[in-house]
Structure formats: C-alpha cells, structure tokens
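This is a predicted model, so every value here is computed, not measured. For ligands, and for the atoms within them, numbers begin at 1 and follow the listed sequence.
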Amino acid sequence: MDQQPVVVAPQTSHTTTTNHYRAFGLLAELTYRCPLHCPYCSNPLQVAQKQSELTTNEWLRVIQEASELGILHILFSGGEPLLRRDIVQLVASAQQTGMYTNLITSGLGFTRHRAQELKAAGLDSVQISFQADQAELADLIAGARAHQRKLAAARLARELGFPLTLNVVLHRENIERLSEIIALAEELDAQRLELANTQFLGWAFQNKEVLLPTRQQVTDAHHTATAAQLRLRGKMEVLYILPDYYGERPKPCLFGWGQRFLTVNPMGNVLPCQTAGEIPTIQFDNIREHSLPWIWEHSSAFKLFRGTAWMPEPCRSCPHKETDFGGCRCQAFLITGDPAQTDPTCDLSPHHLQLTQMVEQLQQSATRHFTPENARKIRFRTDPISSRD
Ligand code: SF4
Ligand code: FES
C-alpha cells in the first residue's frame with residue numbers, strides 16, 4: 001500500500017461493545033508482497049515472508065469476527081491484495097456479512113477476468129493508486145513500469161460500473177503536476193480523487209530528504225486543489241490532505257488510537273494503525289491467539305492511547321484534546337522516540353521546535369529530483385515480494 005488510507009469520519013457514536021469505543025472500519029492488509037517500490041510506502045521496513053501470511057481460513061474468520069464486532073467498512077489492501085488468489089473469496093465473504101467492501105490496489109493484476117470475478121462477488125468500490133499523470137515520471141516513482149497498466153485498470157473499473165477512487169500521494173517530485181493529475185482523474189471518470197500529501201511514516205520517513213515538498217509548493221497545491229473542489233462539486237469529490245509538517249495542529253490520526261479503526265496485518269497482528277508495528281516498545285496481539293472482538297476490548301496495545309487519560313501536558317489541559325486526540329502516536333515516536341508525547345506537529349508541543357528545525361534542515365539539503373545521481377539517497381523497497389501465491 002502507498003500510504004495510510006484516507007478514512008471518512010464515521011457518523012455514528014453508539015456502542016456495541018462494552019468499552020464505549022465502536023469499531024467502524026477494518027484495514028485488511030492481506031500481504032506485504034507488491035510489484036511496486038514506492039519510496040513512501042507505509043509497509044514496515046522489514047516485510048514478512050509469504051509463508052507467515054494468514055491462510056484463507058484465518059482471514060475468513062477475521063471477516064466473520066469483524067462483522068460480529070460491528071465493523072461496517074472493510075478495506076482490502078496490502079502490499080498488493082490482488083497477489084492473493086483468495087481475494088475474490090474474501091470479498092464475497094465480507095459482502096455476505098453486509099460490510100461495505102473496498103479494494104485498494106496498484107491496479108496491477110486487475111485483469112478483466114479478475115475484475116469480473118470481483119464484481120460478481122459484490123465488491124463495492126475500487127481505489128487505484130497513481131504516482132503521477134505522466135508515464136515516465138510515474139514509473140520512476142513506482143520503481144516499475146506500471147502507469148499504462150494502471151490506466152487500463154482504471155478504465156476497466158469504470159467499464160464494469162465500479163465507483164472509482166484515484167489516490168495520489170503528493171511529494172516534491174509530483175506536486176507541481178497537480179492540475180494535470182486532476183485532469184487525469186476527470187478523464188478516467190473517477191468519482192473521488194484523494195490528493196494526500198506524504199505522511200512521513202515508514203519508508204517515507206526514511207526518504208523525507210527527497211520527498212518533502214517546499215512550503216511554496218504546498219501553498220500552490222492547496223490553491224489548485226481548492227479551485228478543483230469548487231469546479232468539480234457534484235461531479236467528482238476532491239479530497240486534499242494537508243501535510244502535517246507544515247501545519248500548526250495535528251490531524252486526529254484515524255480519529256484516535258483504537259477508537260474507530262483497526263488494522264490486521266498479513267501475519268495476523270492487530271494494530272490501531274498500519275504503522276504502529278514499527279514502535280518496538282508495544283506488543284500487539286495476534287488473531288491466531290485471540291478473537292478480534294477480544295483484542296478490540298482487551299488488548300493492552302489498544303488501551304495504551306485510547307481516549308484522553310494517557311495524555312501528557314500540554315494535551316491534558318488543551319481544549320482540542322477531544323478533537324485531535326493529541327495527533328499521531330507513530331509520528332510522535334519517530335520524531336521524539338516516545339509514542340506517548342504530544343505529536344510534534346502541534347505548535348504547542350515542547351518538541352515542535354525540533355520538528356521545525358528538522359524541516360528547515362531538510363529544505364536546505366533538499367535533493368530536488370529523483371535523478372539517477374540522487375537515486376542513492378532514496379531507499380526503495382527491494383524485497384523480492386511480487387510473486388503471486
Ligand atoms: Fe492537540 Fe495536544 Fe496540540 Fe492540544 S496540545 S492541539 S490536544 S496535540
Ligand atoms: Fe500510527 Fe498515526 S499512523 S497513530
């Protein structure tokens with residue numbers, strides 16, 4: 001998967017579990033195998049081998065338990081979820097429980113046969129990642145010849161009547177092509193376009209020197225996106241996610257740790273978000289040992305930063321604490337070394353200066369382009385993980 005999926009705020013706040021927090025969405029990361037090598041991938045730096053992935057029966061159990069937990073929305077993701085032969089069976093199973101099903105794919109492997117099978121299984125919508133509007137640049141960013149196949153996949157999705165979302169992770173290299181990217185989404189008849197500035201987690205944090213856009217680029221992109229939102233209202237939903245590093249207040253990451261969303265990774269670990277596994281001090285429970293409802297209710301990892309009682313100052317006495325939940329735990333860990341700190345992207349955080357100095361330094365040492373000379377500064381996923389099972 002490119003980056004943390006963009007999730008829409010749940011409308012409900014009623015409870016079906018005794019712990020007051022209602023699980024709304026599940027990110028099912030079926031595999032970390034992927035044909036692409038995006039330098040901002042949110043998969044772990046060390047990905048698991050195929051042999052340790054959950055089996056079909058284990059995933060079917062997860063889906064059933066997710067339904068019992070009251071999950072309404074399941075996102076099948078990866079890596080590339082189409083590398084799993086059982087994807088159609090898993091989608092059908094989720095569909096039968098009444099969950100809304102969404103496939104998050106690179107588009108590679110979305111063949112006519114597969115797409116028709118998924119349609120017959122009841123898949124509700126398709127999201128395809130694009131790296132840019134031009135093949136040459138897009139393939140350079142993806143580290144693979146993928147752009148033409150993505151175009152074909154997007155057209156096929158629309159031909160078969162799937163609602164289509166295009167997701168484009170923005171960074172220094174593609175952000176100036178925003179107008180052209182929006183035009184591409186229009187041409188492909190997408191219903192939704194997610195323009196998500198890079199979240200500097202996982203591989204993106206390793207590659208921030210080549211990914212971080214300038215403040216001017218971000219300002220210009222904001223204007224372009226806002227104009228497109230107005231022009232396309234009623235035709236295509238354009239979502240523009242501001243970059244945390246240039247903001248003053250953090251976003252409510254996934255609407256609070258362990259409060260609305262959960263992720264099951266390919267090995268069955270259950271996480272509040274997809275990059276939490278990179279925090280070495282936290283032990284996560286596994287669906288091979290406990291049921292999903294048990295983990296939601298009792299896992300110490302989920303309780304760790306749930307609600308507001310865990311918060312240090314300045315969050316503890318801040319009027320925004322019920323709105324942003326102190327920001328992102330993974331970001332706090334990456335920048336301060338402690339996931340329990342206030343997110344440093346908040347200008348009230350005692351570590352905010354550390355962040356702004358880091359951003360300034362990155363601007364000065366910025367590598368402008370993904371040229372061959374600069375490639376040595378980019379850390380790509382190199383694991384041989386594109387095989388289909
Ligand atoms: Fe949010 Fe904490 Fe900053 Fe207040 S101090 S705005 S709760 S991150
Ligand atoms: Fe993990 Fe924000 S991405 S808490």
Side-chain angles (χ1 to χ4, degrees), residues 1-9 21 23-27 29 40-45 75 77 104 167 169 194 196-206 208 241-265 269-284 296 299-356:
M1 127 123 32
D2 285 337
Q3 285 259 288
Q4 188 95 271
V6 178
V7 288
V8 178
Y21 295 105
F24 171 83
L26 169 68
L27 180 70
E29 292 186 315
Y40 43 73
C41 181
S42 59
N43 284 172
L45 302 183
L75 303 102
S77 174
I104 300 181
N167 175 283
V169 176
E194 294 177 356
N197 274 284
T198 305
Q199 293 170 279
F200 290 99
L201 304 167
W203 288 93
F205 191 76
Q206 302 295 316
K208 53 191 178 309
I241 315 293
L242 289 164
D244 285 358
Y245 279 18
Y246 289 123
E248 291 170 354
R249 292 287 187 278
K251 297 190 212 45
C253 192
L254 290 172
F255 304 98
W257 175 279
Q259 299 193 167
R260 294 286 176 264
F261 292 91
L262 42 80
T263 295
V264 178
N265 79 9
N269 287 340
V270 186
L271 315 166
C273 71
Q274 68 187 125
T275 53
E278 298 286 290
I279 305 174
T281 49
I282 306 178
Q283 289 291 318
F284 296 97
W296 179 258
S299 165
S300 56
F302 274 73
K303 289 179 184 170
L304 208 47
F305 304 120
R306 212 172 227 164
T308 55
W310 62 273
M311 289 180 174
E313 292 293 355
C315 295
R316 184 173 299 171
S317 49
C318 178
H320 302 294
K321 69 179 177 186
E322 300 278 358
T323 313
D324 65 23
F325 306 104
C328 175
R329 298 304 85 225
C330 297
Q331 195 146 259
F333 167 71
L334 281 170
I335 297 169
T336 74
D338 179 0
Q341 291 291 325
T342 295
D343 186 333
T345 62
C346 175
D347 66 359
L348 302 172
S349 156
H351 293 93
H352 188 64
L353 183 63
Q354 188 184 336
L355 174 84
T356 51

Near Thr275 (heavy-atom distance under 4.0 Å), the atoms of ligand 2 are 1 (Fe), 3 (S)

Quick check on contacts: which atoms of ligand 1 are under 4.0 angstrom from a heavy atom of Arg249? 6 (S)

Of all residues at least two apart in sequence or in a different chain, which pass the side-chain contact (heavy atoms from CB on, under 4.5 Å) check with Pro243? Asn197, Val218, Tyr246

Per-atom contacts of ligand 2 with Leu201, taking only distances under 4.0 Å to non-hydrogen atoms: 3 (S)

Any side-chain to backbone donor/acceptor pair from Arg329 onto Pro339? Under 3.5 Å, distance only. yes

Report the C-alpha separation of Thr345 and Asp343 in whole Å, then their side-chain angles, then the decisive distance to 0.1 Å, and conclude whether the side chain to side chain donor-acceptor pair (under 3.5 Å) test is met. CA-CA 5 Å; Thr345 62; Asp343 186 333; 2.9 Å; yes

Give the atoms of ligand 1, by number and element, whose distance to some non-hydrogen atom of Pro250 is under 4.0 Å. 8 (S)

So for Leu254 against ligand 2, with non-hydrogen atoms under 4.0 Å, the contacting part is neither

Just by modelled atom types, is the Phe305 backbone N or O under 3.5 Å from a matching donor or acceptor in the Trp310 side chain? yes

Distance-only, no hydrogens or angles: does the Gln283 side chain make a donor-acceptor pair with backbone N or O of Ala301 under 3.5 Å? no

In this structure, CD of Gln331 is separated from NZ of Lys251 (nearest 0.5 Å) by 8.0 Å

Proximity of Cys315 to ligand 1 by residue part, where a heavy atom lies under 4.0 Å: both

For Cys346, atoms of ligand 1 separated by under 4.0 Å from a heavy atom: 3 (Fe), 5 (S), 6 (S), 8 (S)

Taking heavy atoms and a distance under 4.0 Å, where does Pro319 meet ligand 1: side chain, backbone, both or neither? neither

Report the distance from atom CG of Asn43 to atom OG of Ser77, rounding to the nearest 0.5 Å. 7.5 Å

Under a heavy-atom criterion of less than 4.0 Å, does Asp324 contact ligand 1? yes

Under 2.8 Å from atom 2 (Fe) of ligand 2 - does any N, O or S atom of Cys253 fall there? yes

Please list, in number order, the atoms of ligand 2 under 4.0 Å from a heavy atom of Cys273. 1 (Fe), 3 (S), 4 (S)

Using a strict 4.0 Å cut-off to heavy atoms of Lys321, name the atoms of ligand 1 that fall inside it. 7 (S)

Measure the distance from atom 4 (Fe) of ligand 1 to every protein heavy atom, then report the residue, atom name and distance (to 0.1 Å) of the closest one. Cys318 SG, 2.3 Å

Test item: Gln274 side-chain N/O and Thr263 main-chain N/O as donor-acceptor pair under 3.5 Å: no

Short list, please: which atoms of ligand 2 are under 4.0 Å from a heavy atom of Cys328? 2 (Fe), 3 (S), 4 (S)

Quick one: OG1 on Thr198 to OH on Tyr40, what's the gap to the nearest 0.5 Å? 7.5 Å

